[in-house]
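Chain A is the first sequence line, chain B the second, and so forth, proteins listed ahead of strands; every chain is numbered from 1. Every value quoted in this text rests on a predicted model; they were computed, and no experiment measured them.
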Number of protein chains: 2
Amino acid sequence: MSQQQAVLAVSTVIFALRSDPTTGISTVWIPVVRRIREPHEGRWALPGGPLRVDDDLEEAARSHLLETTGLTPKYLEQLYAFGKVGRSPGPRVVSIVYWALVESDEAARATVGENVTWLSTDELPELAFDHNLIVDYALWRLRTKMEYSRIAHAFLGDTFTLAQLREVHEAVRQKPLDPANFRRTIESSKTVVPTGEFVTGARHRPARLYRYDGSIDLADSGPLQ
Amino acid sequence: MSQQQAVLAVSTVIFALRSDPTTGISTVWIPVVRRIREPHEGRWALPGGPLRVDDDLEEAARSHLLETTGLTPKYLEQLYAFGKVGRSPGPRVVSIVYWALVESDEAARATVGENVTWLSTDELPELAFDHNLIVDYALWRLRTKMEYSRIAHAFLGDTFTLAQLREVHEAVRQKPLDPANFRRTIESSKTVVPTGEFVTGARHRPARLYRYDGSIDLADSGPLQ
DNA sequence: ACAAAAGTGTTTTGTTTACACCCATGA
DNA sequence: TCATGGGTGTAAACAAAACACTTTTGT
């Protein structure tokens with residue numbers, strides 16, 4: 001049953017925003033892959049796999065993510081190491097889990113097939129292993145971190161309107177925000193700069209386009225980077 | 001050089017408050033152990049060691065900590081998994097690092113000897129491996145978390161005065177706090193309850209003793225516990 | 001002209017900070 | 001009675017929330 005060493009794996013919870021096909025409201029979705037062998041054959045699981053001995057942890061997350069889903073994250077951060085004895089049948093597995101944010105329109109173009117699909121975090125089925133707990137924890141981190149850092153930009157393209165940025169916050173925090181107060185909060189944070197361009201075509205006043213100020217880091221990780 | 005699997009280790013950054021022998025001011029200290037073999041023989045390192053295959057991660061941190069320093073932490077939380085290729089000479093090592101808080105007077109009683117000592121985080125020497133980076137990151141987490149959670153209690157005994165609790169905050173945040181405003185902040189947080197007892201003996205008005213309200217968790221970890 | 005969202009102004013409310021001052025004790 | 005820290009009161013400064021109102025477009 002037990003062997004000399006635990007197996008090390010790296011997995012990633014990837015978040016993207018998608019419009020609900022019925023209501024049209026943006027909500028948080030994750031890509032999952034189907035398990036093609038036991039244990040939990042047939043169930044959906046987080047993308048990931050064993051750590052190759054010459055790969056850095058973050059690099060392993062990034063490359064495995066690209067191979068299975070074709071996605072390149074705009075934000076990637078270590079979440080937690082899950083290592084409880086018995087969390088996986090068979091040999092002991094310790095999973096170092098990352099969480100990532102990808103641009104909405106890149107997510108729309110991402111690989112989907114028989115063995116890869118997107119699931120809404122509002123109504124997740126039972127996933128393989130302890131992956132429901134992992135997603136719950138990643139969602140909690142996303143929501144708390146959204147309140148005090150600027151990671152929302154990672155869901156958007158290079159330029160965006162304040163309405164789009166507000167939509168991201170509303171999707172993640174699951175409540176409407178006052179447009180006037182939101183505007184002032186963002187403007188006083190000095191993290192965005194107006195490009196001078198406007199979005200025309202909608203049947204209302206054109207919205208100013210902004211660009212994220214790259215001289216400020218998305219999230220303060222202290223001494224790590 | 002490279003082998004099939006990475007080695008998994010668990011280490012812990014243990015924080016306690018100690019009075020500076022010269023100034024008398026409380027500052028943050030950590031216990032370290034001397035490396036008795038290569039690599040980095042003779043250098044100070046964080047307590048830790050390889051993960052036994054049947055131990056849970058947190059349990060491994062706790063038991064290794066007890067064996068080497070004799071300490072039982074009042075607070076223990078996972079910090080980060082450090083796994084950069086080349087962070088240790090020889091086989092690939094991935095370290096899952098925890099951070100812990102221990103009561104000040106328990107720390108004073110802790111094992112000290114030829115191979116275990118306490119170091120002030122204000123003036124750390126060069127430690128083994130990447131342990132300086134790890135301690136810096138743990139300190140950053142301690143300081144940021146002190147601002148929005150109630151972990152300060154873990155440095156104190158069951159009952160304490162507000163002056164003692166304030167001293168903990170001042171030691172960690174490295175700046176003086178207004179006693180009047182500190183009192184109100186703590187009282188409005190509803191995390192402490194007065195015991196009804198007072199500390200007499202000092203040459204000033206007796207200070208009220210408080211107890212931490214156990215029904216509120218020290219730190220909100222979301223879906224994990 | 002009208003709807004609809006962009007964007008501005010203003011008032012209210014609450015929280016943080018600064019600091020003056022009274023209280024209870026030991027020496 | 002004096003020094004010392006415990007403990008209370010209060011006003012100013014600042015930040016968050018609520019909401020009325022003006023602007024600019026497409027139809």
Using a strict cut-off of less than 4.0 Å between a Lys/Arg side-chain nitrogen and an Asp/Glu carboxylate oxygen, indicate whether B:R43 and B:E126 qualify as a salt bridge. yes
If each of A:Y210 and B:A202 is mapped to the nucleotide of DNA chain C with the nearest heavy atom, which maps nearer the 5' terminus, i.e. the 5' end? A:Y210
Rounded off to whole Å, could you give me the CD1-to-P distance for the A:I186 and C:dT8 pair? 15 Å
Without decimals, in angstroms, what is the distance between B:R208 CZ and D:dT8 C1'? 13 Å
For the base of D:dG7, is there a side-chain donor-acceptor partner from B:R184 under 3.5 Å away? no
Check every strand shown and say whether A:A180 touches a base, only sugar-phosphate, or nothing at a heavy-atom separation below 4.0 Å. base
With hydrogens left out and only the distance checked, is there a donor-acceptor pair under 3.5 Å joining A:R205's side chain and the base of D:dG26? no
Looking at A:K145 and A:E77, is there a salt bridge between them, counting it only when a charged N and a carboxylate O are closer than 4.0 Å? yes
Is it true that B:T117 and B:R34 share a donor-acceptor pair across their side chains at a distance under 3.5 Å? no
Rounded to the nearest 0.5 Å, what separates atom CG in B:L218 from atom NE2 in B:H153? 7.0 Å
From C-beta outward on B:R183, which listed nucleotide comes closest to its side chain: D:dC19, C:dC19, D:dG7? D:dG7
Can you list, by residue number, the residues of residues 150-167 of chain A that have a non-hydrogen atom closer than 4.0 angstrom to DNA chain D? none
Assuming nearest nucleotide by heavy-atom distance, tell me which of A:N181 and A:R203 is located more 5' along DNA chain C. A:R203
Among the candidates D:dA18, D:dT25, C:dG7, find the nucleotide nearest to the side-chain atoms of A:D178. D:dA18
Hey, are A:R143 and A:E147 close enough for a salt bridge, meaning a charged N less than 4.0 Å from a carboxylate O? no
